[in-house]
J.: 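Below you'll find the structure I mean.
Counting starts at 1 for both ligands and their atoms, following the listed order.
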Amino acid sequence: MRSISQRPDLYCINTATLGFKTSLSEIIDECAKRGIAAISPWRKELEESRPQDILRKLKDCNMSISGLCRSTYYTAPNQTEREAAINDNRKALDLAAELECSCYVQVVGSLSGYSKDLEDARSQVKKGIQQLLEHSRQVGVRIALEPLHPMTTADRSCLSSLRQALDWCDELDPDGYYGLGVAVDVYHVWWDPDLYSQIKRAGKRILAFHASDWLVPTTDLVNDRGMPGDGVIDIPLIRSWVEDAGFDGLIELEIFSHNNWWNKNIASTLDVSIERMSKFC
Ligand code: ZN
């Protein structure tokens, strides 16, 4: 297991952590000042500037983009909307390629309309990913399936565990090309009794590692994530499993926190982030 204490060159900041109130350009400057290796931005943030300008700025700062966040949901009440979602995701892959992102992160969607048919939702997602995979090979950007905590199954993700994500990888990308892999986000998978065995199984399919902490009590199903050290997840243990499985990428901090971290200024959040990642990741 790598020593990552005071190694911002091994850290990535998911820009969600900073509350979507600052331009990407300013975020890159603040991260670069601290020696942080990469960011994972959101597509809506990239609409404000030309991709080539962002890429040039990152290169000038000796930084890169880890994952591009995130997919348009694949599930929809009708075929027209599902096809529109796939086209949208295809465009996002082009953007990810232009920005030289290491992967395109997938939050897949779930029940749509008034459906109660989870199996159907899962099948819609798999069909969508399958159609996208060929494009991912062409543009050279890998697709990272991110299983979300089961509490989000109704509205955000019918993909709820690492085992399920790896089953989909084996089914849709059986030839070992590894165009399809997984993002292991500790917030979503820490509870899973199969976590160790599934991380071992994942091996080189692990394309991203996201860190944050589970607060007790948690007050919001999406936007109350804790800074590492403030909750109950043994992040270093999970990181040791991921690295034993062969992952040697960046440690990404991803926090959604509308009542706490999003209210602070980004310089102080970045300083705390480095300190906490050093001690608790
Ligand atoms: Zn994540």
J.: Counting only N and O atoms by type, is there a donor-acceptor contact under 3.5 Å from the side chain of S240 to the main-chain atoms of L237?
T.: yes
J.: Please check: side-chain N/O of W261 versus main-chain N/O of G226, any donor-acceptor pairing under 3.5 Å?
T.: no
J.: How are the rings of F20 and W262 set relative to one another: parallel (under 30°), tilted (30 to 60°) or perpendicular (over 60°)?
T.: perpendicular
J.: Strictly distance-based, threshold 3.5 Å: is any side-chain N or O of S157 a donor or acceptor partner for the main-chain N or O of V108?
T.: no
J.: Rounded to the nearest 10°, what angle sits at the Zn ion (ligand 1) between OD2 of D185 and OE1 of E254?
T.: 80°
J.: So, of the N/O/S atoms that H210 has, which is the nearest one to the Zn ion (ligand 1)?
T.: ND1
J.: Any idea which N/O/S atom from E146 gets closest to the Zn ion (ligand 1)?
T.: OE2
